[in-house]
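Here is the structure we will look at.
Values below: every heavy atom of this structure, side chains too, minus hydrogens, waters and symmetry copies. Below, read A as the first sequence line, B as the second, and so on, with proteins coming before strands; counting in each chain starts at 1.
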Protein chains: 2
Amino acid sequence: MPTIRDVARIANVSITTVSATLNGTAPVSEELRARVWAAVEAAGYHPDPVARNLRRGVSDTVGLIVPDIATPWAAHLAKAMQSALSGRGYNMLFASNEDDPEREFREIELFSAHRVAGLIVAPTSHGPDYAVRLAAAIRTPAVLVDRVIPGSRFDAVADDNHLGAQLVTRHLLTLGHRDIAFLVGRPGISPSDERFDGFCQTMAAAGVSVRDDLVRRSCYKFDHAFTAVQQLMNIGAPPTAIACINIAQLLGTMAGLKNIGLSVPHDVSVISFDGFHPAEGWAPSITSLHQDIATISARASERLMARIAGDDAAPEVIRIPPRLQIRESCVAV
Amino acid sequence: MPTIRDVARIANVSITTVSATLNGTAPVSEELRARVWAAVEAAGYHPDPVARNLRRGVSDTVGLIVPDIATPWAAHLAKAMQSALSGRGYNMLFASNEDDPEREFREIELFSAHRVAGLIVAPTSHGPDYAVRLAAAIRTPAVLVDRVIPGSRFDAVADDNHLGAQLVTRHLLTLGHRDIAFLVGRPGISPSDERFDGFCQTMAAAGVSVRDDLVRRSCYKFDHAFTAVQQLMNIGAPPTAIACINIAQLLGTMAGLKNIGLSVPHDVSVISFDGFHPAEGWAPSITSLHQDIATISARASERLMARIAGDDAAPEVIRIPPRLQIRESCVAV
DNA sequence: CAGCGTTGACGAAACGTTTTGTGTGGGGTT
DNA sequence: AACCCCACACAAAACGTTTCGTCAACGCTG
């Protein structure tokens with residue numbers, strides 16, 4: 001591998017001049033610039049990123065931390081983020097925190113040691129002092145995605161969950177549903193809270209009361225939903241529709257209903273806030289919100305680049321509107 | 001951030017001694033070793049990976065290149081690989097080559113410039129001179145996954161597609177199917193070829209002839225399968241079962257059948273070689289092979305670590321047996 | 001006791017960049 | 001004419017490690 005020294009020797013200039021030419025950090029005369037570029041071509045020189053990173057004190061990589069890279073949501077985010085970042089000359093390291101704050105902090109630490117230029121984090125947000133600990137742990141520019149932490153010093157890009165909840169709830173109301181089961185996630189996780197709040201507000205605005213016996217809280221895994229729906233459908237006045245806020249819930253819900261021989265949408269309607277679910281070829285395809293991951297990635301990487309470039313404006317929460325995709329799983333009562 | 005210099009000052013030893021203590025590269029007396037460790041604790045010192053990488057000429061990261069990180073297969077692979085590697089102190093960079101060899105070569109180049117310790121590649125394998133180009137492009141230890149390149153100088157870890165094809169074919173034969181449609185992928189892609197070969201052999205061994213009019217080649221995307229199955233079901237003697245070798249095909253197949261009002265498995269059975277598909281809660285759940293991604297990752301990372309450590313044994317092709325998971329989508333004729 | 005390998009420690013060089021500080025000449029302003 | 005400033009180029013320092021070469025002290029062998 002040729003080094004900058006080789007280029008300097010070929011062009012018969014100093015190392016400094018080569019560096020200045022390549023980075024445009026100092027004026028270089030037209031003649032020398034041409035000589036340098038010719039020498040770069042001749043030598044087939046590419047700057048060594050490792051050496052550059054050491055000297056600059058910051059690397060050309062960005063860290064992405066999500067709860068679980070194997071979920072469709074995270075995989076799509078990773079892909080979109082990757083292409084947004086590689087266009088700007090950045091690489092991407094990633095890690096799954098498995099919804100464990102301690103792991104998350106370790107990963108932030110690890111990435112920081114590697115001098116990442118910035119971080120994209122879908123924060124676990126568990127526990128009371130989480131926000132402060134996170135703010136302390138992150139010493140690089142960072143942007144939060146999906147989950148919003150109130151009062152955080154970081155930019156955040158997330159779904160417009162309030163709008164999403166309106167779309168979902170109105171759709172169900174229009175179809176005549178009044179007895180709607182809602183599977184709420186872990187308390188304190190912003191998408192879950194926001195979606196449930198939006199649901200309640202939209203119901204209230206329509207003059208329909210939310211049946212508290214149809215709300216299941218802290219129900220965010222497959223198994224939770226699997227058992228919850230079977231209980232729900234066995235009470236005196238079962239729901240006519242079930243709303244799921246994430247994909248695990250949705251899968252659990254469908255499996256649970258199937259397990260007691262109920263069919264969707266014939267026996268009960270199902271709607272999902274999470275757009276990633278089995279495709280249209282199956283029965284039934286699921287009416288759900290489509291989350292605009294491409295836009296989320298674009299805005300998040302854009303904010304991160306700005307922060308890396310030194311932008312010190314007040315932190316911003318950017319909301320990306322979801323779209324309701326009406327499929328087969330919801331019918332009129 | 002404390003540097004090794006600070007530690008040396010605190011312990012009142014030389015930098016060399018600190019480095020030797022930490023890396024165990026040279027004998028250090030018991031007394032100094034203790035002083036050094038105490039100083040490391042006191043300073044809260046962590047070696048700077050960037051500086052280390054520069055000096056060592058190799059970084060502590062491994063690159064993963066897959067066709068598309070957003071597919072469930074790749075996402076699961078990434079996750080499993082990630083945890084296998086982080087346990088050994090390696091980070092992971094990844095990239096999607098979008099099935100474009102030129103992109104793949106660029107990504108290999110990019111990772112090499114970053115001095116990755118090794119590469120895990122699911123090669124695109126397009127074109128006649130691909131194998132030679134790949135061998136020339138990769139200058140670090142590398143392990144291929146999923147796809148095998150004959151005569152390659154790299155280790156490869158892949159499904160035992162021959163066994164998989166046997167399991168699938170025998171299952172269909174046992175159920176009485178004789179007119180089996182087979183959606184073959186791009187020619188030259190080893191999993192596709194191997195699965196189809198295995199199918200033909202198993203059919204031949206059972207004395208059943210493969211109906212050539214039910215074989216669709218170069219059919220590897222959603223749209224291909226979507227139109228192909230609709231044609232297949234409209235010929236004089238339509239198939240009683242359809243075998244799909246990847247997830248895109250499966251989704252296209254299901255959507256195509258639904259589009260012409262056919263139901264699975266009532267009108268036709270469907271079986272998949274790709275274990276990642278919509279979950280059990282939908283109708284119908286799909287009888288498919290389960291690919292043991294955890295084992296693939298474990299073996300691949302193990303081979304890569306060995307190669308990085310200097311193992312220069314002859315390249316090895318490791319086959320991981322899949323399991324047939326019988327669900328609802330295949331019934332007796 | 002001379003010779004010699006082994007152990008333990010260290011100063012300095014090296015990795016390949018970027019940046020700092022220094023110097024030189026030329027053009028414009030007092 | 002003295003002054004200053006700017007454009008341009010360079011040598012050397014720096015980034016934080018690992019490793020090379022040197023050396024002193026020690027114990028062993030013949």
Test: [X] and [Y] ion pair at under 4.0 Å:
X      : Y      : value
A:D155 : A:R303 : yes
A:R52  : A:D60  : no
A:R133 : A:E102 : yes

Using a 4.0 Å cut-off to any heavy atom of chain A, which nucleotides of DNA chain C are the first and last in contact, reading 5' to 3'?
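So the contact region on DNA chain C extends C:dG16 to C:dT20.
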
On DNA chain C, check which nucleotide each of A:P2 and B:T17 is closest to and give me the residue with the more 5' one.
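The residue closer to the strand's 5' end, by nearest nucleotide, is B:T17.
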
Modelled atom types, side-chain donor and acceptor of [X] and [Y], under 3.5 Å:
X      : Y      : result
B:Q291 : B:D159 : yes
A:H114 : A:N53  : no
A:T17  : A:S14  : yes
B:Q82  : B:Y90  : no

Letter by letter from the 5' end, nucleotides 20-28 of chain D scores (B base, S sugar-phosphate only, - none; protein heavy atoms under 4.0 Å) B--------

Protein-nucleotide distance ([X], atom [atom1]; [N], atom [atom2]), rounded to Å:
X     : N      : atom1 : atom2 : value
A:R5  : D:dA11 : CZ    : P     : 12 Å
B:R52 : D:dT19 : CZ    : P     : 10 Å
B:R56 : D:dT19 : CZ    : P     : 6 Å
B:L54 : D:dT19 : CG    : P     : 12 Å
A:R9  : D:dC10 : CZ    : C1'   : 18 Å

For [X], answer base if it contacts any base atom (sugar-phosphate contacts may also be present), sugar-phosphate if it contacts only those atoms, and nothing otherwise; contact means non-hydrogen atoms under 4.0 Å.
X     : value
B:N53 : nothing
A:V28 : sugar-phosphate
A:I15 : base
A:V13 : sugar-phosphate
A:S19 : base

If you round to the nearest 0.5 Å, how far is CZ of B:R115 from OG1 of B:T61?
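That separation rounds to 11.5 Å.
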
Would you say the ring centroid of A:F94 lies under 6.0 angstrom from that of A:F111?
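Centroid separation for A:F94 and A:F111: 6.0 Å or greater.
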
